[in-house]
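Reviewing the structure listed below.
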Amino acid sequence: MSLRIETILCRAGRMDNYSYLLTDEETGTSAIIDPSETTPIIKRCDELGCKPSYILNTHHHYDHTDANIEIKKYYQAKVVGSEYDAKRIPGLDESVKDGATWFLGKSKAEIIRVDGHTIGHILWYFPEDKALFTGDTLFNLCIGGLFEGTSNDMFASLNKIKNLPDDTLFYPGHEYTIHGIPFALHYMPNNPELQNYIQHTQQKLNRGLPVGPISLGIEKQCNPYLKAQSLREFESLLGQ
Ligand code: FE
Ligand code: ZN
């Protein structure tokens with residue numbers, strides 16, 4: 001239980017990406033998850049006097065990897081990403097595959113492959129710290145679009161997420177909560193958990209803060225895509 005997590009907003013007001021600065025407190029080793037944009041990341045790291053040793057990517061899309069090369073050079077950092085993305089993640093040094101264990105200092109991460117948004121997309125899951133970095137697979141109250149995988153792939157991937165403990169906090173790749181609210185409300189107009197979620201969202205966003213992290217337990221009750229019990233039901237939510 002020694003992972004410190006800082007959220008860094010990138011592409012603010014355009015794509016609202018979140019990069020995350022992780023620090024293993026015992027060893028001081030740190031990493032950036034999905035460096036989207038160089039300036040805000042270097043600014044925050046400098047303020048904290050932090051020099052990330054690693055860049056951890058969830059998938060190859062440019063809004064998650066665009067600053068890989070610059071951050072890598074600036075901090076002499078190593079880029080770690082999905083084996084499947086070996087040829088399409090800029091500057092990749094080390095590839096990891098589904099089920100692998102990877103350590104940031106003494107903090108243990110498990111790699112979970114989740115096809116759907118892309119093929120080879122991975123989640124970075126730190127079980128002892130109850131932290132899950134979901135990239136563009138799971139957002140607050142919504143999910144990532146199907147760019148490369150099928151609905152079947154995505155449904156299987158979401159089931160992997162649903163099987164993780166309810167007290168896991170998840171950290172998405174974008175601030176998209178506001179976009180998920182209308183559909184969630186349409187699907188469950190009278191869910192008190194969802195009402196609380198919306199109130200929390202408004203409070204956070206009004207203060208200019210990220211909505212997350214939210215626990216998987218709450219997300220399972222409020223995200224329509226996680227509530228689908230069958231592929232057919234899931235596909236009907238996708239409008240297929
Ligand atoms: Fe993406
Ligand atoms: Zn993205």
Side-chain angles (χ1 to χ4, degrees), residues 5-22 31-41 44 54-72 79-92 95-98 111-125 131-158 160-161 169-181 183 201 205 210-214 219 223 225-226 234 237-238:
I5 302 167
E6 276 253 354
T7 305
I8 303 173
L9 177 64
C10 295
R11 297 172 194 267
R14 292 168 287 147
M15 300 174 82
D16 294 323
N17 281 77
Y18 284 136
S19 298
Y20 297 97
L21 170 60
L22 315 188
I32 296 282
I33 299 234
D34 283 353
S36 176
E37 190 184 7
T38 309
T39 310
I41 292 172
R44 191 66 188 128
Y54 298 96
I55 289 164
L56 312 178
N57 289 123
T58 60
H59 66 298
H60 70 97
H61 283 161
Y62 78 95
D63 60 311
H64 299 253
T65 59
D66 221 22
N68 269 19
I69 299 290
E70 281 179 290
I71 301 278
K72 174 177 166 154
V79 180
V80 189
S82 174
E83 179 187 48
Y84 189 89
D85 286 332
K87 293 203 174 75
R88 52 185 195 172
I89 286 182
L92 192 83
S95 62
V96 287
K97 54 183 166 189
D98 186 41
I111 307 303
I112 304 172
R113 180 168 159 175
V114 282
D115 294 344
H117 178 68
T118 60
I119 303 290
H121 187 304
I122 56 173
L123 308 178
W124 288 88
Y125 174 46
L132 177 70
F133 297 88
T134 56
D136 284 358
T137 296
L138 180 66
F139 301 124
N140 298 99
L141 303 180
C142 52
I143 57 170
L146 297 177
F147 282 85
E148 296 173 14
T150 63
S151 52
N152 197 19
D153 292 332
M154 190 54 135
F155 186 62
S157 295
L158 295 178
K160 290 184 182 180
I161 294 176
L169 296 178
F170 82 98
Y171 297 79
H174 293 265
E175 180 53 75
Y176 282 169
T177 320
I178 210 83
H179 306 297
I181 290 176
F183 187 62
T201 298
L205 294 180
V211 171
I214 295 284
E219 198 62 28
N223 187 320
Y225 299 97
L226 294 185
F234 180 64
L237 292 175
L238 296 173

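Read the numbers this way: they start at 1 and go in the same order the structure lists the ligands and their atoms. Quantities reported herein were computed from a predicted structural model and do not represent experimental measurements.
Results of the side-chain contact (heavy atoms from CB on, under 4.5 Å) test with T137 over I161, T118, I112, T58 single out I161 as the only residue that passes.
Of the possible donor and acceptor atoms, none in the side chain of H121 sits under 3.5 Å from a partner among the backbone N and O of G116.
Note on ring orientation: taking the six-membered ring where Trp is involved, the planes of H64 and H61 are tilted (angle from 30° to 60°).
The Zn ion (ligand 2) lies at the vertex of an angle of 110° between the OD2 atom of D136 and the NE2 atom of H174 (rounded to 10°). Rounded to 10°, the angle formed at the Zn ion (ligand 2) by NE2 of H64 and OD2 of D63 is 90°.
Remark: aromatic rings of F139 and H179 are distant, center separation not under 6.0 Å.
Atom OD2 is the N, O or S atom of D136 at the shortest distance from the Fe ion (ligand 1). Taking the N/O/S atoms of H61 in turn, the shortest distance to the Fe ion (ligand 1) belongs to ND1.
Backbone or side-chain N, O or S atoms of H59 reach the Fe ion (ligand 1) at under 2.8 Å.
Scanning both residues, S36 and D63, for their nearest heavy atoms gives OG-O, 2.8 Å.
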